[in-house]
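In what follows, a structure is listed as structure tokens, so that the remarks can point back to it.
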Amino acid sequence: MKSDAVTKGMQQAPHRSLFNALGMTKEELERPLIGIVSSYNEIVPGHINIDKITNAVKMGVAMAGGTPIMFPAIAVCDGIAMGHTGMKYSLVTRDLIADSTECMALAHQFDALVMIPNCDKNVPGLLMAAARLNIPTIFVSGGPMLAGRVKGCKTSLSSMFEAVGSYAAGSMSLEEVEEFEAKACPTCGSCSGMYTANSMNCLTEALGMGLRGNGTIPAVYSERIKLAKHAGMKIMELLKNDIKPRDIMTKAAFENALTVDMALGCSTNSMLHLPAIAHEAGVDLDIEMANEISAKTPNLCHLAPAGNTYMEDLNEAGGVYAVMNELNKKGLLNTDIITATGKTVGENIAGCINKDTQIIRDIENPYSQVGGIAVLRGNIAPDTCVVKRSAVVPEMLQHSGPARVFDCEEDAIAAIKGGKIVAGDVVVIRYEGPKGGPGMREMLNPTSAIAGMGLGSSVALITDGRFSGASRGASIGHVSPEAAVGGPIALVEEGDIISIDIDNNSINVELSDEILAERKAKWQPKEPKVKTGYLTRYASLVTSANKGAVLRSTL
């Protein structure tokens, strides 16, 4: 056992004295030490219940013969951080979480880990740590929020942001906005649509790192507590059988995750996180694989913001395993690979029927024959960009219009709410990428403002930043290379015509190579927006979005 390095032998007597200071008994120190990585805090709605999940996990570990020891992981609430400087600190926490978890796990020589994440960067950060550490690990999330209800209809956080745009357009009263405000987020949990947190918790199941229901059992259900106890028990089995994250997170597992991603219509942030997790697992994952997988994977779900169904509905319909079983009818999954259940994918999903074909479409009757995310490429994004195709209205799958250029999110929002953006425009928001932001802010405010102003079916938005999973419409992000390093998006000028063809995976500014070269020769880098603190260090190390915005290990 790894923990022998701190619990066994005469040389470890000083170590044991410190465990005595923790109130540890001799019997506890004779058992495997299981690190419980708890993301509990009192600022993120998806994490306020994780203390209960943590206690349940600890009970499960103890029941199965281990000694559970909790330590914390940080998390940012993207909704609270949205639209101000705080959003610069969201994506960057992914690496802080991975690094700090690595430090804690190795400094204290834990034998195995149970990760308890829930929100956007918290889940991939801990998956990255699991792959890097490669000691037996299992995940159990805090669970999704129940949908809100306004005037008899289900709603969620994305509707709340769009209500602000509707108020600016004069189509919603203050009283109506206040009703949404009071009812959109009615319980603890990760926000109730297929946003980034729920996308990543569902993909944790698809990767094989969590038990059935990890992504879909609502946070407030007692079943979530049972799941946590089972995860605590299961980690002792994984430790006994020496099943480690890199045994589970293989190339085939990432192919499964991308396939499920396409079927569910997950957040475009998955195109940042899956490559970053794969990088830590030693797996080469080119995001253009997404197009190959999308071409043969039907989109089976239209959860919010793409449609009017929510995580609680997906759970009742059979959850992620039911989606996987549907996909397996056409042989779209790798079913013979091991998972954290101790069984193969095929064994896990056998008999997991689709209980509601209104929530999970039958594979013969999908929303579309292709997947929910598209990777685009063209002269404005030679290293690719991404769009949540399943949340784009049909009339915007092809669009051409004049560029309306902004060098920061705030200026774009002011123009949208000020009525300066009109039907047909292509809003360009740049210098918001991993380096330029720094931190690659999410653009939920401008996309929601566009929708709220009634322009969702006539205006596109492209950015080297990224989007919340709650964004919908022709919202194209992760443009690479980014403006801060002189990518072509930095060369676009007001009025240039931008042509988008999502069906054919292309995006171009209608300029000749010669004109782009002339503009490139005149381009000068902008002064960094942030010159001190962690963001400065992050900007110096972060790579391009098409590489998962991972950090370089050397300067």
Starting from the C-alpha separation in whole Å, work towards a yes-or-no answer on side-chain hydrogen bond (donor to acceptor under 3.5 Å, both in side chains) for Arg441 and Ser90. CA-CA 8 Å; Arg441 289 195 286 179; Ser90 173; over 6 Å; no
Could you go through Asn546 and Thr384, starting from their C-alpha distance and side-chain angles, then the distance that decides it, and tell me whether this counts as side-chain hydrogen bond (donor to acceptor under 3.5 Å, both in side chains)? CA-CA 7 Å; Asn546 69 303; Thr384 70; 4.8 Å; no
Please evaluate residues Ser270 and Leu203 with respect to the criterion side-chain contact (heavy atoms from CB on, under 4.5 Å), reporting the C-alpha separation (whole Å), side-chain torsions for both, the decisive distance (0.1 Å), and the verdict. CA-CA 9 Å; Ser270 64; Leu203 295 182; 3.9 Å; yes
Determine, stepwise, if the pair Arg149 / Glu312 fulfils salt bridge (Lys or Arg N to Asp or Glu O under 4.0 Å). CA-CA 13 Å; Arg149 283 171 172 77; Glu312 63 200 67; 3.6 Å; yes
What verdict does the side-chain contact (heavy atoms from CB on, under 4.5 Å) test give for Glu316 and Ile359, after you've listed the backbone C-alpha separation in whole Å, the side-chain angles of each residue and the deciding distance to 0.1 Å? CA-CA 9 Å; Glu316 292 300 316; Ile359 307 301; over 6 Å; no
Steps toward side-chain hydrogen bond (donor to acceptor under 3.5 Å, both in side chains) verdict (Ser471, Thr447): CA-CA 6 Å; Ser471 292; Thr447 59; 2.9 Å; yes
Carefully, step by step, assess His302 and Tyr367 under the rule ring-ring contact (aromatic ring centres under 6.0 Å, His included). CA-CA 8 Å; His302 264 192; Tyr367 283 100; 3.9 Å; yes
Would you please test Asn122 and Ser39 for side-chain hydrogen bond (donor to acceptor under 3.5 Å, both in side chains) and show each step? CA-CA 8 Å; Asn122 183 244; Ser39 302; 3.0 Å; yes
Go through the steps for Asn505 and Val375 under the test side-chain contact (heavy atoms from CB on, under 4.5 Å), then give the verdict. CA-CA 6 Å; Asn505 305 108; Val375 178; 5.6 Å; no
Kindly determine whether Thr196 and Glu442 satisfy side-chain contact (heavy atoms from CB on, under 4.5 Å), including the steps that lead there. CA-CA 11 Å; Thr196 304; Glu442 287 184 343; 4.2 Å; yes
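Cys266 SG to Lys388 NZ: the interatomic distance, rounded to the nearest 0.5 Å, is 7.0 Å. With rounding to the nearest 0.5 angstrom, the CZ atom of Arg472 is 11.5 Å from the CD1 atom of Ile450. Note that CG of Leu211 is 8.5 Å distant from NE2 of His230, once rounded to the nearest 0.5 Å. The CG atom of Asp95 sits 5.5 Å away from the OH atom of Tyr538 when rounded to the nearest 0.5 Å. Atoms CD1 and CD1, on Ile380 and Ile507 in that order, are 5.5 Å from each other to the nearest 0.5 Å. One distance of note links NZ of Lys226 with CD of Glu223; it measures 5.0 Å at 0.5 Å rounding.
Arg224 places no side-chain N or O within 3.5 Å of a backbone atom of Pro144 that could act as its donor or acceptor partner. Using a distance-only test at 3.5 Å, with no hydrogens or angles considered, a donor-acceptor pair links the side chain of Thr187 to the main chain of Leu146. In terms of modelled atom types and a separation under 3.5 Å, the side chain of His84 and the main chain of Ile80 share a donor-acceptor contact. Looking at Ser458, its side chain never comes within 3.5 Å of a backbone N or O of Ala423 through a donor-acceptor pair. The backbone N or O of Leu157 sits nowhere less than 3.5 Å from a side-chain atom of Ser159 that would complete a donor-acceptor pair.
You'll find the side chain of Ile97 reaches within 4.5 Å of the side chain of Thr101, heavy atoms only. Under the 4.5 Å side-chain criterion, counting only non-hydrogen atoms from C-beta, Cys191 is not in contact with Ser156. Taking the side chain as every heavy atom from C-beta outward, Thr357 and Asn365 never approach each other to under 4.5 Å. Side-chain atoms of Met443 and Glu432, non-hydrogen and from C-beta on, do get closer than 4.5 Å to each other. Side-chain contact between Tyr321 and Ile353: absent, with no pair of heavy atoms (C-beta onward) separated by less than 4.5 Å. You'll find the side chain of Met87 stays beyond 4.5 Å of the side chain of Glu409, heavy atoms only. Counting heavy atoms from C-beta outward, Leu327 and Val260 have side chains that approach closer than 4.5 Å. In this structure, the side chains of Phe139 and Asn201 stay at 4.5 Å or more apart for every pair of heavy atoms.
Other residues, nucleotides and ligands place more than 12 heavy atoms under 6.0 Å from the CE atom of Met396. Counting non-hydrogen atoms of other residues, nucleotides and ligands closer than 6.0 Å to CD1 of Ile43 gives a total of 12 or fewer. Counted within 6.0 Å of CD on Glu395, heavy atoms from surrounding residues, nucleotides or ligands total more than 12; the atom is thus considered enclosed.
Inspection of the Thr341 and Asn348 side chains reveals an N or O donor paired with an N or O acceptor under 3.5 Å. Under 3.5 Å, the side chains of Asn354 and Asp362 contain no donor-acceptor pair of N or O atoms. Side chains of Tyr167 and Ser173: a donor-acceptor N/O pair is absent below 3.5 angstrom, by distance only. Judged by distance alone, the side chains of Ser499 and Ser400 do bring a donor and an acceptor atom under 3.5 Å apart.
By the 4.0 Å N-to-carboxylate-O rule, Glu205 lies too far from Arg212 to be salt-bridged with it. Comment: Lys183 does not engage Glu178 in a salt bridge, judged by the lack of any side-chain N to carboxylate O separation of less than 4.0 angstrom. With respect to the salt-bridge test (charged N to carboxylate O, under 4.0 angstrom), the residues Lys329 and Glu364 do not qualify. With salt bridges taken as basic N to acidic carboxylate O contacts below 4.0 Å, one links Lys121 and Asp78. Glu482 has no carboxylate O lying under 4.0 Å from a charged side-chain N of Arg430, or vice versa, which leaves the two without a salt bridge.
Between Ala340 and Lys234, the shortest heavy-atom contact is O-CG, 3.3 Å. Considering every non-hydrogen atom in both Gln398 and Asp503, the closest pair reads NE2-OD2, 2.8 Å. Shortest non-hydrogen contact noted between Asp425 and Pro402 is OD1-CG, 3.5 Å. Considering every non-hydrogen atom in both Arg94 and Leu272, the closest pair reads NH1-O, 3.4 Å. Shortest non-hydrogen contact noted between Ser190 and Asn198 is OG-OD1, 2.6 Å. Of all heavy-atom pairs between Val392 and Gly473, the closest is CG2-O, 3.3 Å.
The only member of Val370, Asn299, Thr268 that meets side chain to side chain contact (heavy atoms under 4.5 Å, CB included) when paired with Arg389 is Val370.
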